[in-house]
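A, B, ... follow the sequence lines: proteins, then strands. Residue 1 opens every chain. These numbers come from a predicted model, not from an experiment. Side-chain atoms are counted along with the backbone in the values below, which use heavy atoms only and exclude waters and symmetry mates.
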Protein chains: 2
Amino acid sequence: MILSKSCIYGIQATIFVAAQGGGGHVPISRIAEQLDISFHFLTKVLQQLTSAGILESMRGPRGGVLLARPVADITLFDLVSAIDGTDIFTECMLGLPGCGHAAPCPAHDLWLEVRNKFTQVARSVTIQALAERSAELNVRLTGSIREFLPTTS
Amino acid sequence: MILSKSCIYGIQATIFVAAQGGGGHVPISRIAEQLDISFHFLTKVLQQLTSAGILESMRGPRGGVLLARPVADITLFDLVSAIDGTDIFTECMLGLPGCGHAAPCPAHDLWLEVRNKFTQVARSVTIQALAERSAELNVRLTGSIREFLPTTS
DNA sequence: TATATTTCGGAGTCCAGACTCCGAAAACAA
DNA sequence: TTGTTTTCGGAGTCTGGACTCCGAAATATA
């Protein structure tokens with residue numbers, strides 16, 4: 001798996017929060033329920049995003065999390081970096097420490113093309129774009145095919 | 001890490017074998033020693049490549065492994081598929097089962113670009129190219145900076 | 001044939017990521 | 001103030017990948 005489970009959960013949850021419109025705090029329990037993620041585990045993941053300044057949290061009734069910055073200012077790159085770190089954007093394909101222009105591995109420049117493409121996509125995709133896309137295409141966000149947009153019922 | 005350790009060892013070992021020129025069987029013990037990989041562990045990895053038809057093995061004195069096909073016919077894609085499987089080339093970024101054109105995740109088409117780039121590179125890079133590259137650039141193949149080309153000494 | 005060399009195959013250990021559980025702290029509401 | 005809701009923080013369990021170890025089978029060489 002490219003991204004860790006934690007990272008995927010963080011991305012899904014952030015898209016979900018963004019899709020709620022930003023009116024108020026969204027309780028983690030509701031996110032976990034809607035996205036079919038373990039509540040206690042999601043708690044830990046969102047704590048990481050909170051301490052990274054991507055989410056803001058509030059305890060107590062009517063508490064929960066909300067986006068700390070405008071949706072257009074949060075990129076996929078931010079989320080992945082906050083949870084999985086930046087290794088995936090900089091690492092050598094063969095895992096050689098210090099592989100780079102000066103001391104490349106045999107696959108270095110070929111892998112660089114792939115990595116750069118990935119980095120470019122991750123940096124340019126905002127949570128806003130992903131949330132809009134979900135809404136427009138009525139696209140699924142979780143493993144189980146289920147609606148996740150603000151319930152009008 | 002993008003590729004598993006097993007997969008990386010398999011790639012390094014195959015490049016090493018290719019760089020030996022294909023004269024005879026190369027003992028796994030020598031590969032492990034030169035590349036600084038656990039012998040017993042490398043044994044298991046190379047068994048996978050043998051049963052995948054990429055390497056041929058022979059037991060007994062003067063035994064070892066050699067490439068089962070011409071170096072120009074073995075691609076990075078073959079090696080990765082044989083050891084880590086093809087998931088990495090087909091998987092959804094968010095890990096959603098069945099994510100595709102019909103039921104895409106919000107990041108589907110963006111991720112597709114990255115995945116396709118990766119697949120294209122992996123399919124077009126041959127072990128021959130990687131082995132030549134190592135030789136030409138006198139490039140390192142292992143974590144410890146050390147020569148691995150046929151020892152003239 | 002006897003012996004040394006080398007792969008084959010299975011079983012066991014170790015560790016980090018994935019996930020669970022529980023109590024504490026904060027904050028709103030009655 | 002009291003009780004309920006909710007996040008915070010730590011500790012524990014489980015599983016799969018990474019790695020080790022050992023004996024068996026095959027095969028070249030003397």
> What nucleic acid atoms does A:Phe39 come within less than 4.0 Å of, heavy atoms only: base, sugar-phosphate, or nothing?
Replying inline: base
> Which residue, A:Pro27 or B:Pro61, contacts DNA chain D at a nucleotide closer to its 5' end, judged by nearest heavy atom?
Replying inline: A:Pro27
>> Closest-nucleotide mapping onto DNA chain C: is A:Gly60 or A:Leu3 further toward the 5' terminus? I mean the 5' end.
In response: A:Leu3
>> From NE2 of A:His40 over to C1' of D:dC14, roughly how many Å is that when rounded to an integer?
In response: 17 Å
>> Assess the residue pair A:Asp109 and B:Arg133 against the criterion (salt bridge (Lys or Arg N to Asp or Glu O under 4.0 Å)); give the C-alpha distance rounded to whole Å, side-chain angles, the decisive distance to 0.1 Å, and a yes or no.
In response: CA-CA 11 Å; A:Asp109 40 349; B:Arg133 206 178 210 77; 2.7 Å; yes
> So which nucleotide from D:dC19, C:dC21, D:dC21 ends up closest to the side chain of A:Lys44?
Replying inline: C:dC21
>> Can you give me the closest heavy-atom contact between A:Ser81 and A:Phe89, atom names plus distance?
In response: OG-CE1, 4.1 Å
> side-chain contact (heavy atoms from CB on, under 4.5 Å) with A:Trp111: which of B:Ile2, B:Val125, B:Leu76?
Replying inline: B:Ile2
> How long is the line joining CG of A:Asp84 and C1' of C:dA16, in whole Å?
Replying inline: 13 Å
> Which of these nucleotides, D:dA28, C:dA18, C:dG9, is closest to any side-chain atom of A:Ser6?
Replying inline: C:dA18
> Rounded to the nearest Å, what distance is computed from the CG atom of residue A:Leu46 to the C1' atom of nucleotide D:dT6?
Replying inline: 13 Å
>> Measuring from the side chain of A:Gln47 (C-beta onward, heavy atoms only), which nucleotide among D:dT20, C:dA18, D:dC8 has the closest atom?
In response: D:dC8
> Which nucleotide sits closest to the side chain of B:Ser57: C:dT7, D:dA18, D:dT20?
Replying inline: C:dT7
> In whole Å, what is the span from the CD1 atom of A:Ile83 to the P atom of C:dA16?
Replying inline: 20 Å
>> Quick check for you: among D:dA28, C:dC19, D:dC8, whose closest atom lies nearest to any side-chain atom of A:Tyr9?
In response: C:dC19
> Can you tell me if the side-chain N/O atoms of B:Ser38 get under 4.0 Å from OP1 or OP2 in D:dT20?
Replying inline: yes
> Of the nucleotides D:dC8, D:dA26, C:dA18, which one has an atom closest to the side chain of A:Arg59?
Replying inline: D:dC8
> So what does A:Ile28 hit on the nucleic acid, given a heavy-atom distance under 4.0 Å: a base, only sugar-phosphate, or nothing?
Replying inline: sugar-phosphate
> Atom CE of B:Met1 to atom P of C:dA16: distance rounded to whole Å?
Replying inline: 12 Å
> Nearest to the side chain of B:Thr43 - C:dC8, D:dT6, D:dA18?
Replying inline: C:dC8
>> In this structure, how many angstroms lie between the P atom of D:dC8 and the CG atom of A:Leu49, rounded?
In response: 11 Å
>> Expressed as a whole number of angstroms, how long is the span from A:Phe41:CZ to C:dC22:P?
In response: 18 Å
>> Can you identify which nucleotide, out of C:dA18, D:dC19, C:dT5, has its nearest atom closest to the B:Lys5 side chain?
In response: D:dC19
>> Given D:dC8, C:dT6, D:dA18, identify the nucleotide with an atom nearest to the side chain of B:Ser4.
In response: D:dA18
> Is a side-chain donor or acceptor of A:Arg62 paired with a backbone partner of A:His25 at a separation under 3.5 angstrom?
Replying inline: no
> Between B:Gln48 (CD) and D:dA18 (C1'), how many Å, whole number?
Replying inline: 13 Å
> From A:Asp78 CG over to A:Arg69 CZ, what is the distance, rounded to the nearest 0.5 angstrom?
Replying inline: 5.0 Å
> Is a side-chain donor or acceptor of A:Asp87 paired with a backbone partner of B:Met1 at a separation under 3.5 angstrom?
Replying inline: no
